[in-house]
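Contents: one structure, followed by commentary.
The residues of the chain are indexed from 1 along the displayed sequence. Computed over heavy atoms, backbone and side chain alike; hydrogens, waters and symmetry mates excluded.
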Amino acid sequence: MARILKKIPNFKLPKLKMKEFEEIDELLHLYTPEDLDRMKEKLPGKRGHHECYPGTDYKTIKEIFNRSTTLFAEKGFILETFNKKKGFEEITYGQFRRDVINFGTGLTKALKLEGERVIIISETTYNWYVSYIALLCGAGIAVPCDKELPENELENLIRRSRAAAVIFSPKMKELVKKATAKCSGVKYCIEMKSDAGFDEKDKRFVGFNYVMEEGRVFTGMGDTSLMDKEIDPDAFAVLIFTSGTTSASKGVMISNTNLAYNINAVTPYVMVCPEDRLFSVLPLHHTYESTIGFLYPMAMGASIAVCQGLKHLVPDIQATKPTAIIAVPLLLEALHKKINQTIDKSGKTSMVNTMIRLTNGLRNVGIDVKRKVFKDIYASLGGRLRILVSAAAPIDMKVGKWFEDIGLLFLQGYGLTETAPIAALTPDFDTRVGSAGKAVHGDEIRIKNPDERGEGEILIKGKTVMLGYYENPEATAEVMEDGWFNSGDIGYMDDDGFLYITGRSKNVIVTQNGKNIYPEEIEGLLGKVPEIAECMVYGKEVSGEKELIITAKVIPDYDAINELHGKEKKDPESPFTEDEIYKIIWNQIKQVNRKLTNYKCVKKLEIKTDQFEKTSTMKIKRFAEIQKDKDKAAETAEKTE
């Protein structure tokens with residue numbers, strides 16, 4: 001449904017001087033490999049074992065809001081740049097509480113929207129946070145939407161959700177005007193960051209601050225109706241439309257129980273304190289960010305820094321000094337690549353690799369000097385970073401391992417909108433790069449009909465699982481099996497209960513002799529090829545062929561190709577031709593094919609000149625891309641008739 005980001009911008013990191021290496025270099029002489037081996041032999045047993053942390057037992061988000069905004073009233077909560085000249089400004093928990101109560105009261109008392117569905121569509125901003133919590137505290141049912149929606153899709157979701165109001169940012173105003181023009185059910189369109197009263201031309205349009213001020217009048221006269229309202233934990237509270245990576249989007253009905261138990265499920269696995277600060281870089285309409293990037297730090301009394309946009313990523317990190325970043329693989333892989341390019345340009349690659357090996361050895365025997373050794377890398381990321389979380393898609397294991405090697409906690413999670421969203425997570429006391437983690441506290445995960453390798457469909461059971469699909473009982477029945485939610489993903493579990501995702505059942509390519517090919521496996525190998533920026537593997541229907549042709553649709557990394565193959569050009573001044581690009585990438589694919597069994601080998605290459613259509617978490621929309629292919633083939637066939 002979303003097209004939030006087609007490409008990661010080319011951000012810059014400061015040059016790394018690595019001053020500390022000269023001081024730490026003496027460790028090379030202090031600890032020889034023989035010394036480390038002797039020290040390991042003296043260890044009493046395996047290090048790192050840890051029981052779960054004390055968990056929480058929240059029933060509603062209102063309970064979390066009440067506790068945190070009271071207990072941490074004077075503490076900073078949201079950091080955002082409202083005025084570029086002023087830089088980041090801090091809003092306290094106490095101010096957030098007042099704004100939520102006043103805005104929520106304005107919605108219910110002044111606009112009479114209590115119990116109605118209310119769409120929120122905007123970039124990440126303070127008013128989004130206020131709107132979401134006001135609705136969860138009883139003002140109505142929240143319907144977060146992707147800010148990248150085209151007019152027709154937004155109009156469709158307004159109609160499908162039967163929304164009575166739309167809360168939007170100024171950037172969305174023209175879109176909202178057009179999308180709501182034919183939607184008679186929309187009573188109000190509330191513009192964030194606006195003081196305006198009701199618009200004379202269209203009485204539905206009114207300013208966010210005006211509504212909040214109206215609510216302040218009521219609360220000033222002693223109205224406590226919003227906070228007095230009891231919340232039914234199991235009632236329909238949030239409607240989220242899935243991204244539709246394989247088909248049309250479905251509406252997922254989420255309750256307070258689903259959201260609150262996500263917090264309860266995560267707290268035993270990861271220690272986050274009031275001193276921590278999370279960096280918000282993903283869209284809030286997605287449950288990954290709105291639950292784990294917003295509700296979770298609020299529950300812990302931590303703060304949130306709002307990124308101004310990916311092109312501001314590095315300066316914003318340096319300015320706000322976060323301790324944790326929640327991201328998707330595409331972003332973390334880009335960050336890893338950029339850091340290593342900076343290291344290489346600084347002429348420190350060999351030393352960094354040497355120090356990684358040494359500090360790994362020292363950490364194994366209880367001596368952790370990584371933050372000191374890699375001080376310059378940490379400084380380029382604000383200086384306080386300690387946790388990176390990757391979810392929403394598989395990540396190259398080498399990337400995760402490298403972040404661990406420089407001393408960061410690298411955690412991975414797994415879930416879906418239908419689990420609001422976390423179903424599995426890596427405990428911070430038992431990290432395993434490559435695994436999606438263990439079933440979160442209170443949930444169960446099992447593998448349905450595992451094959452000889454232990455692989456099968458992943459089933460999830462627990463209080464994080466959705467109420468069902470909105471106005472679609474048939475679709476709900478298809479995915480619910482005796483209380484278990486069938487994720488549609490394929491994976492296996494090891495003896496310790498750690499989950500490994502190997503593919504998605506809807507993406508599987510089945511050969512004529514019944515063998516299953518999971519595109520994600522091949523994409524993982526192709527993703528390691530420097531000459532390939534992005535790729536999608538699928539089974540292509542070819543006229544006259546019974547078997548689907550394993551095809552790789554590839555966006556070349558032209559910079560890498562020039563750097564690695566520039567000397568091969570006959571004319572150094574001229575760019576590579578299309579044929580030359582094809583040949584270079586095909587040669588790399590042939591190398592990858594050597595690592596695959598024959599029936600999995602890529603048989604066809606397609607060079608893609610435009611960007612892939614993606615969801616809000618930067619996953620390629622396979623269904624949409626394959627449909628484009630079919631439409632193009634049909635069009636070609638018509639022309640030849």
Side-chain angles (χ1 to χ4, degrees), residues 65 69 77-78 80-83 86 89-145 147 154 158 161-181 183-229 284-285 306:
F65 169 75
T69 56
F77 180 30
I78 307 292
E80 185 175 348
T81 301
F82 301 101
N83 184 320
K86 293 183 179 180
E89 298 178 56
E90 187 177 83
I91 295 169
T92 65
Y93 271 92
Q95 183 63 53
F96 181 68
R97 178 183 180 84
R98 292 187 290 274
D99 290 345
V100 165
I101 294 173
N102 289 330
F103 183 68
T105 303
L107 291 177
T108 57
K109 290 296 184 178
L111 303 188
K112 308 295 183 184
L113 287 170
E114 185 172 348
E116 299 278 14
R117 288 92 187 271
V118 179
I119 281 179
I120 312 173
I121 182 165
S122 86
E123 62 278 8
T124 300
T125 187
Y126 178 67
N127 287 166
W128 197 105
Y129 296 115
V130 172
S131 302
Y132 191 56
I133 296 298
L135 293 165
L136 284 171
C137 281
I141 295 173
V143 188
C145 287
K147 69 180 179 66
L154 178 57
I158 290 170
S161 65
R162 298 197 297 278
V166 179
I167 302 172
F168 64 95
S169 67
K171 293 179 182 178
M172 304 287 111
K173 190 166 186 175
E174 288 306 310
L175 173 70
V176 171
K177 276 186 176 182
K178 292 176 183 177
T180 59
C183 297
S184 58
V186 175
K187 301 173 185 176
Y188 299 104
C189 298
I190 304 165
E191 183 177 355
M192 296 176 178
K193 305 175 184 178
S194 172
D195 299 319
F198 290 97
D199 191 295
E200 291 183 5
K201 293 181 180 179
D202 189 340
K203 295 291 185 183
R204 298 181 304 172
F205 281 77
V206 63
F208 187 99
N209 296 338
Y210 181 88
V211 175
M212 190 156 61
E213 187 57 38
E214 288 291 292
R216 198 189 321 273
V217 172
F218 281 95
T219 58
M221 292 189 297
D223 187 299
T224 58
S225 58
L226 182 74
M227 298 312 291
D228 289 343
K229 181 177 180 178
L284 279 165
H285 75 273
V306 177

Can you give the donor-acceptor pairs under 3.5 Å from side chains of residues 220-229 to other protein atoms, not counting sequence neighbours?
residue : atom : partner : partner atom : Å
Asp223  : OD1  : Ser225  : N            : 2.9
Asp223  : OD1  : Ser225  : OG           : 2.6
Thr224  : OG1  : Asp228  : OD2          : 2.5
Lys229  : NZ   : Glu114  : OE2          : 3.2
Lys229  : NZ   : Gly138  : O            : 3.1

| task | Search all heavy atoms of Thr105 against all heavy atoms of Gly215 and return the closest pair with its distance. | result | CG2-O, 3.9 Å
| Can a donor-acceptor pair be found between the side chains of Glu80 and Thr125 at a distance below 3.5 Å? | yes
| query | Measuring from Ser194:OG to Lys173:NZ, what's the distance to the nearest 0.5 Å? | reply | 6.5 Å
| note | Between Ala164 and Leu113 the two heavy atoms that sit nearest each other are CB-CD2, 4.0 Å
| request: Using a strict 4.0 Å threshold on nitrogen-to-oxygen distance, state whether Asp199 and Lys201 make a salt bridge. | output: no
| remark: Rounded to the nearest 0.5 angstrom, the OG1-CZ distance for Thr69 and Arg97 is 4.0 Å
| message | Check this for me, if you would: do Glu116 and Lys187 make a salt bridge, where the nitrogen-to-carboxylate-oxygen distance has to be below 4.0 angstrom? | response | yes
| message | List the residues meeting ring pair (Phe, Tyr, Trp, His ring centres under 6.0 Å) with Phe77, not counting sequence neighbours, and say none if there are none. | response | Tyr93, Phe96
| said: Measuring from atom NZ of Lys147 to atom CG of Leu175, what distance do you get when rounded to the nearest 0.5 angstrom? | reply: 11.5 Å
| remark: Interatomic distance, CG@Leu136 vs OG@Ser131, rounded to 0.5 Å, equals 11.0 Å
| query | Minimum heavy-atom separation for Val186 to Ala163, with atom names? | reply | CG2-O, 3.7 Å
| With distance as the sole criterion, is a donor-acceptor pair present between the side chains of Asn209 and Glu213 under 3.5 Å? | no
| field | Rounded distance [0.5 Å steps], CG in Asp195 versus CE in Met212 | value | 8.5 Å
| Nearest atoms (heavy-atom pairs only) where Pro144 meets His285 | CB-CA, 3.8 Å
| task | Identify the heavy atoms of Leu107 and Ala139 that sit nearest to each other, and give their distance. | result | CD1-CB, 4.1 Å
| task | I would like to know whether Phe198 and Phe205 meet ring-ring contact (aromatic ring centres under 6.0 Å, His included); could you show each step before the answer? | result | CA-CA 6 Å; Phe198 290 97; Phe205 281 77; over 10 Å; no
| Is the backbone N or O of Gly106 less than 3.5 Å from a side-chain atom of Arg216, with the two atoms forming a donor-acceptor pair by type? | no
| query | How long is the span from the CD1 atom in Ile119 to the OG atom in Ser161, to the nearest 0.5 Å? | reply | 4.0 Å
| field | Distance-minimising heavy-atom pair for Tyr210 and Gly197 | value | CD1-CA, 3.7 Å
| said: One pair to check against side-chain contact (heavy atoms from CB on, under 4.5 Å): Leu135 and Ile141. What are the steps and the verdict? | reply: CA-CA 6 Å; Leu135 293 165; Ile141 295 173; over 6 Å; no
